[in-house]
Peer 1: 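There's a structure below that I have some questions on.
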Amino acid sequence: MRNGMMVFLVLMSVFLVIGCTGAQDDEDAGTESPEIPPADPEPVQAGTPEPQGSEVYNYITEENNYRDWDLWPLKEEIYASVSIHGPLLTTYVSENAVPAIENRAGSLPYESIVVRESYDAERELREIGVRYKVEGYDPEHNDWFWAAYTPEGEVIVEGRVESCQNCHSVEADNDYIYTAYITDTLYPITDVEIRDFSFDPASVTIAVGDSVRWTNMDSAVHTIDGGMFRSGGLGQGESYSYTFTEAGTYYYMCTVHPYQTTGQVIVTG
């Protein structure tokens with residue numbers, strides 16, 4: 001009988017311990033942990049557009065005003081041209097492209113955007129051209145996406161434009177770029193002497209990227225004036241050089257002696 005009583009007391013103690021433990025668990029379960037506010041999200045960088053005409057135009061006008069970008073290094077805001085795009089051009093480049101141009105890296109990095117504004121002789125905007133480098137877009141042509149727009153932003157052409165590819169293919173080694181050379185290749189200089197009030201030789205043929213250097217051998221002061229390139233007065237033994245970046249035929253004269261025979265520079269692509 002006594003043994004039975006002892007067993008009963010032990011069992012009761014166990015039940016009481018279990019009951020207290022369960023009650024404590026219930027109380028813990030009902031206690032709410034303080035809320036931790038979520039961290040502020042990291043700012044999202046504006047992504048570059050898909051290679052699609054309207055998206056690219058929106059990116060360079062609405063999301064990023066391209067006129068706030070850098071001009072092409074060493075190019076004036078409006079410079080003369082003999083290209084099919086018009087007599088006057090302005091070229092803007094995205095920030096990531098500038099170091100490659102200045103350092104003559106040989107090619108522009110992916111996500112580079114080049115915007116060309118074409119003006120007529122009265123400086124009226126007539127077209128906006130865009131080149132946009134997208135990795136994997138067109139490996140055969142250095143992954144360039146091409147587009148042209150009216151001044152109002154309507155798409156004229158876009159995509160893998162064959163006429164653009166064919167025209168710029170002569171500069172394939174320069175990343176399909178005509179605006180200026182971005183390779184470290186040294187380009188030759190062709191000399192022309194001003195002697196006896198004439199240019200010798202009177203006509204020279206060079207390649208895009210080559211330079212012409214005129215040296216005055218006369219005692220009289222002469223100038224070189226080709227419209228888009230123009231020297232000051234050159235005394236005897238002084239020189240003036242100009243690098244030609246666009247194919248075409250260029251005529252020049254001496255403005256001090258307009259009766260002097262004119263000269264000619266033929267620049268081939």
Peer 1: Atom CH2 in Trp214, atom CG in Asp200: separation rounded to 0.5 Å?
Peer 2: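 The CH2 atom of Trp214 sits 14.0 Å away from the CG atom of Asp200.
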Peer 1: Are Met253 and Gln260 close enough that some pair of their side-chain heavy atoms sits under 4.5 Å apart?
Peer 2: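 In short, these two side chains do not touch, never coming nearer than 4.5 Å.
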Peer 1: Can you tell me if Lys133 uses its side chain to pair, donor with acceptor, with the backbone of Leu108 under 3.5 Å?
Peer 2: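 Yes; at least one donor-acceptor contact below 3.5 Å.
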Peer 1: Are side-chain N/O atoms of Thr215 and Arg213 paired as donor and acceptor at under 3.5 Å?
Peer 2: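 Looking only at side-chain atoms, Arg213 and Thr215 do not form any donor-acceptor pair under 3.5 Å.
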Peer 1: For Ile113 versus Val115, what's the shortest heavy-atom pair and its separation?
Peer 2: CG2-CG2, 4.0 Å
Peer 1: With salt bridge (charged side-chain N to carboxylate O under 4.0 Å, His left out) as the rule and sequence neighbours excluded, what pairs involving residues 220-234 come up?
Peer 2: Asp225-Arg230
Peer 1: Going by the angle between their ring planes, with limits at 30° and 60°, are Phe199 and Tyr252 parallel, tilted or perpendicular?
Peer 2: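 Perpendicular: the ring planes of Phe199 and Tyr252 meet at over 60°.
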Peer 1: Hey, is CD on Glu55 packed in by over 12 heavy atoms from elsewhere, all under 6.0 Å?
Peer 2: yes
Peer 1: Would Tyr250 and Tyr79 show up in the same hydrophobic cluster when neighbours are defined by side-chain heavy atoms closer than 4.5 Å?
Peer 2: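 In one cluster with Tyr250: Tyr79, no.
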Peer 1: Would you check if Thr245 and Lys75 make a side-chain contact, meaning some heavy-atom pair closer than 4.5 Å?
Peer 2: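 When only atoms from C-beta onward are counted, Lys75 and Thr245 do touch, with a gap below 4.5 Å.
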Peer 1: Examine the side chains of Thr262 and Gln264 and answer whether a donor and an acceptor come within less than 3.5 Å of each other.
Peer 2: no
Peer 1: Among residues at least two apart in sequence or on other chains, which ones pass salt bridge (charged side-chain N to carboxylate O under 4.0 Å, His left out) with Arg67?
Peer 2: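 Applying salt bridge (charged side-chain N to carboxylate O under 4.0 Å, His left out) to Arg67 gives Glu117.
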Peer 1: Are any of the side-chain heavy atoms of Ser211 and Tyr242 separated by less than 4.5 Å?
Peer 2: no
Peer 1: Could you tell me if the ring centre of His168 sits under 6.0 Å from that of Trp144?
Peer 2: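 No, too far apart.
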Peer 1: Taking the inter-plane angle between the rings of Phe145 and Tyr132 on a 0 to 90° scale, is it parallel (under 30°), tilted (30 to 60°) or perpendicular (over 60°)?
Peer 2: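 Phe145 and Tyr132: perpendicular rings.
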Peer 1: Is the shortest side-chain heavy-atom distance between Tyr57 and Val130 below 4.5 Å?
Peer 2: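 SC-SC contact between Tyr57 and Val130 ruled out.
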Peer 1: Using a distance-only test with no angle check, is there a side-chain donor-acceptor pair under 3.5 angstrom linking Ser198 and Asp196?
Peer 2: no
Peer 1: Walk me through whether Phe244 and Phe229 qualify under ring-ring contact (aromatic ring centres under 6.0 Å, His included).
Peer 2: CA-CA 9 Å; Phe244 292 83; Phe229 55 96; 5.2 Å; yes
